[in-house]
Amino acid sequence: MNKYRSHTCGQLNETNIGQKVKLSGWVNRKRDHGNLVFIDLRDHYGITQCVIQNSDKNFGVVETLKPEYVVCIEGNVVARDASVINDKIPTGKIEIVIEDISILSTSETLPFQVSVEEKTAEDLRLKYRYLDLRREKLQRNMKIRDLVIRSMRKRMWDLGFNEFQTPILTSTSPEGARDFLVPSRMHEGKFYALPQAPQQYKQLSQIAGFDNYFQIAPCFRDEDTRADRVFEFYQLDIEMSFVEQEDIFAVGESVIPEIFKEFANGRTVDPNIPRISYDEVLEKYGTDKPDLRNPIIIKDASEIFKDSGFGVFASAVEKGQVVKAIIAPASSDKPRSWFDKLGEFAIEIGLKGLAYMVFTENEVKGPVAKNLDQERINKIKELCGASTGDSIFFVCENLEAAQKAAGKVRIRLGEDLNLIDKNDFKFCWVVDFPFFELDSETGTVGFCHNPFGLNQGGIEALKTQDPLTIKAYQYDMVCNGAEICSGGLRNFDQEAMKIAFAIAGYDEETVKTKFSALWLAFQYGPPPTAGCAYGVDRIVMMLSDEPNLREVILFPINQKGQDLMMNAPIEATEKQLRELHIKLRR
RNA sequence: GGGGGUGUAGCUCAGUUGGUUAGAGCGCGUGCCUGUCACGCACGAGGUCGCGGGUUCGAGCCCCGUCACUCCCGCCA
């Protein structure tokens, strides 16, 4: 028995009755009955009730205890009388009769209660994060985080992958997010960058011949935060050699959905993981990260409205716009106000309004139906698979805007009509992302994703096709409407790269300097490689059923990127700045 | 950079149409209580109503400005 404990606070049960034990932990609660005091002693593992009578020599000490004092208690494990058994905790059948107690440390009055799971202001929780972490929910979440990461590593190792650590102090990368820069002391005027991802390193590891690489890799991006986006986060980063797209999928599918199953805790995991093209998800779900739990599928009704009596849509279609139809199952009995609210929602998301028709028992109601002949109404009904009791909403815009808006309406209807099973996980791979995209500000063509990605159709496509129609071997894994993985096959043909970079507006010299390491390495026998990266924090967030990343990160920053506990960021001293050759502009 | 929400006791919140001394639960303090487990009972302390200005006989409440936190858009290959 060590000085502090023989058992933990979650360990003792009937089998220990009669034993003399030693426990250490925090005073979760004290219930003082005057001549009888109960202490709920808490540690990471659980809570054990300790009791003392006024006849005992230590009674006075126990009476002075306050919440969150740390104490060491020695005593006998005794059975609780049947009438006072606590079924809520595993140790509820026994209690410790205190024979000796020492106070290891004391606590001031708390800024918020640890033993009560009550809503607490975010900044207060973050300032006293170590107190917040003592609470049951965060203890549980951090435990899940550990187990998930442990499971990831084990599964990757079992598949024959090696984990390597890539540098944190590295070089800035020209494309992508804003970098965090670290000034160099030894090289005046030069800066390191923290990695947005180990992208180039992992490709170089494959050029180095390490066939299967993975890493639980820290990544840093200096972009505004969100509930599901923070400055620093972890990826399960993967790169493989001599593989095709399906090989990457096979690895992902034998790791990620399996981990979801492992931590499902009563929830279900759909074993079917469809591959859906980028074009198709936009058409059917109006987003590149569809929530497949939502059964609504968007349909294109442009042809039906062409030359129809519904003038607004007919003329819009004539001008090249499209009409998207979104079915709202079993909604015909919704009050007028429900339809009005959806109209307001439509305006919020930038639409002029939301047309709809309602299929009731005897008639078709709603603003669209009045101006449409029966044949067209039937066609729409058939198109959407609608029947009596359903309604259909219509969005009319140019293609991209219509898809996006219809996607938002689809999500809204899914929530409103309670169509989503919150206890289910549904995955899919979104494949065939575009290789190039039009920069909305400059109007020029640029890379859609990794500039070293492989395009479909090879050099031939690069030379002959309209760049914006070229697809990439680029894919995302999506779960319940959240992107949890992104990856692609890599280009390893330097000739093709030159052409691709030229289309994106880079001359060879620029590529050579900006991506010097990869560019040089590609001259020395690069293998075909592919990879992807899974968002570890997001996966833990989903498995913990939390809406915010801060709930699954040990010491998170706030929305403004400050660590309220450590007080970061903070001004540097004159000496530090001098050493770093930095002069502040005031 | 833009939009929404919130800000009242240590914590979570209520506060009516602008009207007396701003309330509740928890926590905290004191006392009582031998079977509680969110113990109970009694008493008590505790307030720059985020901050600044304005309207008014009178502002927690109305108006203007500002700050903090949070959610979203932009941004995030």
Side-chain angles (χ1 to χ4, degrees), chain A residues 28-42 47-56 59 63 66-68 78 80-89 91-95 97 107-128 131-132 135 173-179 196-197 199-200 219-231 233 348-350 404 408 433-437 439-441 446-453 472 474 476 483 486-488 504 514-515 533 535 547-548 550 557-562 564:
Chain A
N28 197 55
R29 269 173 197 286
K30 179 178 75 168
R31 289 179 295 281
D32 188 341
H33 289 241
N35 292 313
L36 176 75
V37 178
F38 296 99
I39 298 294
D40 285 343
L41 196 66
R42 184 197 73 236
I47 287 176
T48 300
Q49 175 169 283
C50 306
V51 64
I52 194 165
Q53 315 248 357
N54 65 349
S55 52
D56 193 275
F59 186 77
E63 277 211 304
K66 289 175 193 173
E68 300 307 307
V78 302
R80 293 205 205 179
D81 192 85
S83 62
V84 292
I85 282 174
N86 184 351
D87 291 324
K88 289 181 213 155
I89 54 174
T91 61
K93 287 199 174 73
I94 57 98
E95 63 191 0
V97 176
S107 171
E108 295 293 319
T109 299
L110 300 158
F112 51 83
Q113 287 171 261
V114 168
S115 64
V116 178
E117 297 275 333
E118 68 180 342
K119 200 177 120 192
T120 309
E122 197 90 42
D123 40 355
L124 203 63
R125 292 177 60 199
L126 291 175
K127 181 175 178 187
Y128 299 97
L131 294 181
D132 194 24
R135 304 214 271 203
S173 56
E175 299 248 332
R178 192 177 294 115
D179 284 314
Q196 297 173 27
Q199 184 63 39
Q200 297 193 53
C219 305
F220 306 85
R221 294 179 190 176
D222 188 4
E223 297 291 347
D224 285 6
T225 64
R226 286 282 193 284
D228 62 348
R229 252 169 44 195
V230 285
F231 282 172
F233 56 96
E348 276 171 35
I349 61 172
K404 218 172 160 184
K408 285 178 180 166
F433 276 81
F435 193 58
F436 295 109
E437 67 184 349
D439 187 310
S440 55
E441 279 175 28
F447 288 109
C448 207
H449 287 86
N450 182 346
F452 290 96
Q474 176 78 36
D476 283 359
E483 178 199 317
S486 194
K514 287 196 166 182
F515 304 95
N548 193 303
R550 285 189 293 265
I557 54 169
N558 70 2
Q559 203 200 24
K560 291 251 167 72
Q562 300 161 302
L564 299 174

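The sequence lines fix the lettering, A, B, ..., with proteins before strands; numbering per chain opens at 1.
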Just to be sure I understand the rule, does A:Arg125 reach a base, reach only the sugar-phosphate, or reach nothing, if contact means heavy atoms closer than 4.0 Å?
nothing
Just how far, in rounded Å, is C1' of B:C76 from CG of A:Asn450?
15 Å
Just how far, in rounded Å, is P of B:G2 from CD of A:Gln559?
15 Å
With a non-hydrogen cut-off below 4.0 angstrom, is A:Lys66 in contact with a base, only sugar-phosphate, or nothing?
sugar-phosphate
For the side chain of A:Arg80 and the backbone of A:Gly92, is there at least one donor-acceptor N/O pair under 3.5 Å apart?
yes
Donor-acceptor pair, distance only, cut-off 3.5 Å: does the side chain of A:Thr225 make one with the backbone of A:Gln559?
yes
Once you apply a heavy-atom cut-off of 4.0 Å, does A:Asp87 come out as touching a base, just sugar-phosphate, or nothing?
nothing
Touch check for A:Leu124, heavy atoms < 4.0 angstrom, all strands: base, sugar-phosphate only, or nothing?
sugar-phosphate
Between B:C76 and A:Arg229, counting only base atoms on the nucleotide and side-chain atoms on the residue, is there a donor-acceptor pair under 3.5 Å?
yes
For the pair made of CD in A:Glu122 and P in B:U12, what is the distance, rounded to whole Å?
11 Å
Counting Watson-Crick and G-U wobble pairs only, both distances under 3.5 Å, name the nucleotide matched with B:G65, or none.
B:C51
Touch check for A:Gln196, heavy atoms < 4.0 angstrom, all strands: base, sugar-phosphate only, or nothing?
nothing
If I take atom NZ in residue A:Lys30 and atom C1' in nucleotide B:C28, what distance separates them, rounded to the nearest angstrom?
12 Å
For B:C39, the nucleotide meeting Watson-Crick or G-U wobble distances (both under 3.5 Å) is none
Separation of atom CG in A:Asp179 from atom P in B:C76, rounded to whole Å:
13 Å
Per the under-4.0 Å heavy-atom filter, residues of residues 110-118 of chain A near RNA chain B come out as A:Pro111, A:Gln113, A:Glu118
Quick one: are the ring centres of A:Phe452 and A:Phe515 less than 6.0 Å apart?
yes
One thing to verify: whether A:Asp179 and A:Arg221 come together as a salt bridge, which I'm taking to mean a side-chain N less than 4.0 angstrom from a carboxylate O.
no
Interatomic distance where CD belongs to A:Glu68 and P belongs to B:C11 [whole Å]
17 Å
Going 5' to 3' along nucleotides 31-38 of chain B, which nucleotides have protein heavy atoms under 4.0 Å from the base (write B), which only from the sugar-phosphate (write S), and which from neither (write -)?
--BBBBBS
Is it true that atom NZ of A:Lys30 has more than 12 heavy atoms of other residues, nucleotides or ligands lying nearer than 6.0 Å?
yes
